[in-house]
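The chains referred to below are lettered A, B, ... by the order of the sequence lines, with proteins before strands, and numbering in each begins at 1. These values consider heavy atoms only, across backbone and side chains, with no hydrogens, waters or symmetry-generated copies.
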Amino acid sequence: MREISLALCDIAQNSLDAGARLLKIRVWATDSKIGFEVEDDGEGMDEKTLSAATQRGTSSKGGAGLGLALLEEETAASGGRLKISSQKGTGTRITAEYGRGADVILGDLGSTAVTLTDDGYDLELTVEMYGKTEILDTKKLKSASPTAELQSRGVLRLIREDINKFIRQNGGANL
Amino acid sequence: MKSIADIMAIRDAMQSHVGLRDNADAEKEIHIVVGMGTCGLNAGARTVFNTLVDAIEERKLTGVRVTRTGCLGSCENEPVVEVHVPEKEVVTYKNVDAAKALEILNNIQA
């Protein structure tokens, strides 16, 4: 089974490695689709790298290079899609959407949000559950108080609990 | 989300016992690194990470920091956790789960 939240954790690490300072992530569930989008302002990819990104064996970090290749195969098989756009020096955007017949869950998005918040870049996480929307903006949290220390662990736990509660209460109990 | 005011109020309450990280002496900080590459994530590293984050809060530990990194190069042993204590050799734990993560913290506190 594919857990979207785990894939997000993985993809965000690539953004971090690419020097991103801002990550905009959207996650959605509708009656017909379940998907996510990650947009970063990291170093981006040139055309050659981009065109090879979904081929097996292409890795930015010396790994097996299966991540995006599998994502593309899975989304296509479910009647969904994977779209990657990137520009050198500007950033990268990855959109993945699955048909609802696929063996895919949102999973523990709250725990992923904790990990991503702890990564240190500004995170805008939008969760759309059957039309209802929840937004976590760590930049707002930081600007609300100049001494804000989001890594004070109580704040991270609250973020996790709030996001998972929102998903549970908006039709995502089995997602 | 809870309102920003709510979260900030809780944060302020936390600070009384967490201590401001800004003031912590970074050189004396104990650094726990969780390998969270694809291999680690699929083996449960995110649970380990969150368990450590929560336990550090609950135990009011200061001077201990958790961060993640990519693959640490021994995928068959994931989740892998490294503990960096200043002026000591790095200790690496393999096949860590939530229970083992708490034991690692116990060792640090001992």
Undergrad: Are V81(B) and I30(B) grouped together when hydrophobic residues (ILVMFWY) are joined by side-chain heavy atoms under 4.5 angstrom apart?
TA: yes

Undergrad: Side chain, backbone, both or neither: which part of A113(A) has an atom under 4.5 Å from a heavy atom of chain B?
TA: neither

Undergrad: In Å and rounded to the nearest 0.5 Å, what is the CG to OG1 distance from N14(A) to T38(B)?
TA: 7.5 Å

Undergrad: Answer yes or no: is there a side-chain heavy-atom contact under 4.5 Å between R160(A) and D54(B)?
TA: yes

Undergrad: Do I11(A) and I105(A) belong to the same hydrophobic cluster, where Ile, Leu, Val, Met, Phe, Trp and Tyr are linked whenever their side-chain heavy atoms lie under 4.5 Å apart, directly or via other members?
TA: no

Undergrad: With the side chain counted from C-beta on, respond yes when R157(A) and V53(B) share a heavy-atom pair under 4.5 Å apart, and no when they do not.
TA: no

Undergrad: Tell me whether V83(B) shares a hydrophobic cluster with V96(B), the cluster being built from Ile, Leu, Val, Met, Phe, Trp, Tyr side chains joined at under 4.5 Å.
TA: yes

Undergrad: Kindly indicate whether the side chain of R46(B), heavy atoms from C-beta on, has any atom under 4.5 Å from the side chain of L6(A).
TA: yes

Undergrad: Quick check: closest heavy atoms across M36(B) and C9(A), and the distance to 0.1 Å?
TA: CE-SG, 4.1 Å

Undergrad: To the nearest 0.5 angstrom, please state how far the CD atom of E57(B) sits from the CG atom of L156(A).
TA: 8.5 Å

Undergrad: Would you indicate whether E47(A), at its atom CD, is surrounded by more than 12 heavy atoms from other residues, nucleotides or ligands within a distance under 6.0 Å?
TA: no

Undergrad: If you count heavy-atom pairs under 4.5 Å with chain A, which of V34(B), N42(B), T69(B) comes out on top?
TA: T69(B)

Undergrad: Of the listed residues (V114(A), T115(A), L16(A)), which shares the most heavy-atom pairs with chain B below a 4.5 Å separation?
TA: T115(A)

